[in-house]
Amino acid sequence: MSMKFDSPAGANPIDRQRVIGRPLDRIDGPLKVTGGARYAYEQHEAAPNAAYGWVVGATIAKGRIRSIDTRHAEAAPGVLAVVTAANAGPLKKSSSHTASLLGGPVIQHYDQAVALVVAETLEQARDAARLVDVDYVAETGRFDLASARSQAKTASDQDAVTSAGDFDTAFKDAAVKLDQVYTTPDQSHQMMEPHASVAAWQDDKLTIWTSSQMVAWAVRDTAATLGIPRENVRIVSPFIGGGFGSKLWIRADALLAALGARKVGRAVKVALARPQIANNTTHRPATIQRLRIGADQRGIIGAIAHESWSGNLPGGEPETAAQQTRLLYRGENRMTAHYLAELDLPEGNSMRAPGEAVGLLAIEVAMDELAEKLGIDPVELRIRNDVQFDPEKGPGRPFSSRKFVECLTIGAERFHWSRRNPKPGQVRDGRWLVGMGMASAFRNNLVRKSGARARVDGRGIVTIETDMTDIGTGSYTIIAQTAAEMMGVPIDRVEVKLGDSLFPVSAGSGGQWGGNSSTAGVYAACVALRAAVAQKAGFNAADTDFVDGHVVAGNRRVGLGEAAGADGITVEDRIEYGDLDKRYAQATFGAHFCEVGVDALTGEVRVRRQGGAFAAGRILNPKSARSQVIGAMTMGVGAALMEELVIDERFGYFATRDLADYHVPVHADIPEQDVFFVEELDDKSSPMKAKGVGELGICGAGAAVANAIYNATGIRVRDYPLTLDKLIEKLPMA
Ligand code: MOS
């Protein structure tokens with residue numbers, strides 16, 4: 001069965017908002033803080049007596065293995081096996097991976113796995129890994145985007161280039177013009193939990209307890225890589241210590257654990273050590289972005305172009321940094337383009353709002369520069385360029401909902417934006433130069449089909465099962481809220497089971513689609529469950545309501561458990577989406593504000609406060625949504641000030657590969673973070689009338705920091721991250 005969502009949602013039980021929309025604590029919170037939540041590497045009972053694997057990574061970036069000698073490693077204490085491409089059995093590269101998860105003889109990037117050492121203990125495996133002797137033939141690689149840029153081609157994605165009107169002419173004729181280039185570096189996800197898996201075989205059936213955002217993709221790609229039927233693969237991923245995009249697809253830990261377990265005939269666990277992650281897995285590619293904006297004297301944009309260059313391994317995809325520019329501002333003459341160069345760095349892929357997160361670092365600084373040229377307040381400039389329809393496709397494609405101007409005005413008021421001195425470098429607080437900046441927030445709203453199983457037992461307990469994951473986002477809680485609302489029970493009468501491929505396939509967690517889409521799937525399952533319960537109770541489903549633990553129709557009223565009967569009732573359903581996301585542009589909006597202090601002597605930047613107003617449809621749980629957004633705003637500060645995978649171009653690897661070298665900020669670095677959700681229901685997004693919110697908070701947050709630094713100092717740096725060495729020589733005291 002499935003529920004087709006192809007026309008705007010009418011009134012439904014979610015609108016009651018007795019449980020939905022409340023700032024409830026996480027139902028998995030106690031498990032998390034007591035250690036009761038078992039992460040992949042901790043599945044001791046599920047996979048007892050597991051052996052330990054250690055991944056050996058390539059020490060060249062490009063070339064091939066001439067020979068590999070595993071004899072010393074195999075003879076080391078405790079070693080059970082050494083798996084290499086030569087003895088692993090046939091492997092296919094799944095289409096989800098640009099480079100093979102187990103390399104050899106061809107090496108595609110530094111730290112690509114070339115072997116797994118399996119031993120009785122972790123220490124024995126790690127020690128023996130040093131004894132694997134690999135003889136490489138290295139080839140010259142390409143590691144620098146700026147030099148590869150001239151070879152870049154239009155990316156192969158179907159809409160790599162978009163345009164409307166005549167940009168060149170309109171830009172040439174514009175009264176006020178801006179033409180600037182901005183660069184962003186390679187970045188690393190740096191979620192807390194590293195990639196980790198435990199694999200066990202029973203005959204030809206494989207189970208992997210792993211840390212995966214997308215359970216069904218993990219099943220698909222594991223089966224494809226090993227060449228076994230999907231029915232023989234079970235993926236279990238109930239708790240995840242963050243993913244940020246790096247766990248959308250299985251990585252070497254999962255595949256090598258499976259190969260190791262098959263070789264030694266017992267369970268094998270594999271985790272990547274923190275310093276292996278940057279080069280063994282994926283990262284966000286660096287970008288070079290050119291922005292051209294032409295406006296009239298009132299600031300109305302008539303021409304806008306955003307071009308972005310990024311690099312990837314052959315066959316890889318671009319960082320789609322111009323994405324937001326297709327929908328954010330008005331302008332009849334426009335173009336965007338994504339160009340892709342081949343590089344031999346590790347695979348670039350999705351990270352923390354791919355596209356917009358770095359695209360807004362460029363366009364939102366460009367808008368700040370344009371506002372200054374025009375002498376118009378940056379908030380006002382954005383208001384004047386609001387557009388209520390897809391500006392590339394025209395008024396025939398309106399937004400499903402767009403409360404962008406509300407975000408700008410409410411956000412500005414809450415932040416006391418009017419106190420900002422528009423002239424840079426004027427405000428001094430002791431040794432600190434103080435400034436304020438702002439930027440727009442934009443992130444596409446994606447929807448994906450999603451299924452769930454819903455059960456009510458004889459005691460009236462509701463159980464939801466779906467392969468949806470909770471990557472630290474609060475999925476358990478909002479799914480429980482959805483089921484509680486639909487079935488008319490308190491949230492403590494709902495049990496939620498997630499992250500197991502035995503359960504119906506869900507939207508999974510990615511691209512901020514998970515919250516809205518997975519709860520919509522639970523909604524569909526609960527609609528089916530309500531009908532089944534009503535039918536069993538002999539009620540007419542259409543006028544049956546579910547309130548206060550009871551099933552009510554007219555003046556008849558029975559307890560939910562009683563209506564379900566001793567055996568209970570179980571149903572399964574899913575939501576599928578029609579073309580509402582084609583007919584309507586669907587996106588989430590916001591406005592970021594930031595105040596910084598810049599040390600006038602050293603250039604050290606301190607974020608003093610951040611504020612933002614956001615419109616993302618119905619907010620299912622304001623507490624978990626706020627946590628998502630402040631976490632994302634903190635990541636925005638990271639992108640602005642410190643995050644950078646520094647490339648050692650001699651050898652083609654990322655040198656900043658642990659948290660001592662790759663710096664990320666934490667909440668404690670930012671004394672004040674204010675988040676306001678503008679009231680909005682989006683009936684074209686889903687029956688939940690919600691939209692994504694998880695990634696919106698990072699989108700634009702870093703540009704607000706950059707603009708605040710400019711306002712504080714009068715120094716415009718267009719090359720991220722804005723580290724103090726880029727400021728210090730231009731500071732007034734220098
Ligand atoms: Mo997200 S970067 O699609 O997990």
Side-chain angles (χ1 to χ4, degrees), residues 96-98 157 184 186-195 210-218 221 237 239-251 277-278 281-287 310 312 316-321 323-324 346-361 441-450 467-475 498-499 506-518 581 586-588 616 625 627-629 631-636 638-639 643 645 664 691-702:
S96 303
H97 297 100
T98 306
D157 56 311
T184 65
D186 296 280
Q187 297 173 339
S188 178
H189 308 81
Q190 299 297 357
M191 62 288 157
M192 284 306 293
E193 183 202 18
H195 303 266
T210 188
S211 189
S212 170
Q213 297 174 224
M214 300 292 296
V215 165
W217 293 1
D221 293 339
S237 185
F239 295 102
I240 299 157
F244 304 162
S246 79
K247 297 172 181 170
L248 284 165
W249 296 277
I250 59 160
R251 302 301 320 168
I277 293 175
T281 73
T282 63
H283 68 283
R284 189 208 300 278
T287 65
S310 58
N312 214 329
E317 291 182 6
E319 179 72 21
T320 52
Q323 212 156 242
Q324 69 290 316
E347 178 182 343
N349 213 316
S350 299
M351 174 179 140
R352 309 190 208 149
E356 286 96 320
V358 288
L360 286 156
L361 287 172
F442 173 98
R443 175 71 174 156
N444 272 314
N445 181 58
L446 303 174
V447 290
R448 290 181 62 85
K449 67 184 176 199
S450 196
D467 84 356
M468 180 61 189
T469 49
D470 189 326
I471 59 176
T473 39
S475 310
L498 300 183
S506 74
S509 298
Q512 82 168 6
W513 64 62
N516 180 43
S517 294
S518 72
D581 60 340
Q586 296 196 10
T588 58
S627 293
Q628 285 278 281
V629 172
M633 285 161 66
T634 308
M635 296 176 191
E643 291 190 57
L645 285 169
V664 295
K691 293 195 272 195
V693 73
E695 296 178 331
L696 178 61
I698 191 175
C699 297

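Computed from a prediction, not measured in an experiment: that's the story for all the values here. In listed order, ligands and their atoms are each counted from 1.
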### Summary
ligand 1 atoms nearer than 4.0 angstrom to some heavy atom of G511 are 1 (Mo), 3 (O)
### Query
Given that the side chain starts at C-beta and the backbone is N, CA, C, O, which of these parts of R352 lies under 4.0 Å from ligand 1, counting heavy atoms, or is it both or neither?
backbone
### Message
Is it the case that the side chain of R284 and the backbone of M351 share a donor-acceptor pair, with hydrogens and angles ignored and the cut-off at 3.5 Å?
### Response
yes
### Message
Go through it in stages, so that I can follow the logic: the residues are S509 and T469, the test is side chain to side chain donor-acceptor pair (under 3.5 Å), and I'd like the CA-CA distance, side-chain angles, deciding distance and then a yes or no.
### Response
CA-CA 6 Å; S509 298; T469 49; 2.8 Å; yes
#### Entry: Steps toward side chain to side chain donor-acceptor pair (under 3.5 Å) verdict (E319, T184)
CA-CA 11 Å; E319 179 72 21; T184 65; over 6 Å; no
### Query
Is any N or O atom of S509, backbone or side chain, closer than 3.5 Å to an N or O atom of ligand 1?
no
### Query
Numbering the atoms of ligand 1 from 1, which are under 4.0 Å from a heavy atom of E695?
1 (Mo), 2 (S), 3 (O)
## Note on the structure
Taking only non-hydrogen atoms of Q213 and a 4.0 Å limit, the atoms of ligand 1 in range are 4 (O)
### Task
Any atoms of ligand 1 less than 4.0 Å from a non-hydrogen atom of F244? List them with their elements.
2 (S), 4 (O)
### Query
Can you check whether S188's main-chain N or O pairs, donor with acceptor, with R352's side chain at less than 3.5 Å?
yes
### Query
For ligand 1, which atoms have a heavy atom of P354 less than 4.0 angstrom away?
2 (S)
### Query
Any donor-acceptor pair under 3.5 Å linking the side chain of N445 with the backbone of T588?
no
### Task
Heavy-atom contacts with M351 under 4.0 Å: which atoms of ligand 1 show up? List them by number with element.
2 (S)
### Task
Please test M468 against S450 for side-chain contact (heavy atoms from CB on, under 4.5 Å), starting from the C-alpha separation and ending with a verdict.
CA-CA 8 Å; M468 180 61 189; S450 196; 5.7 Å; no
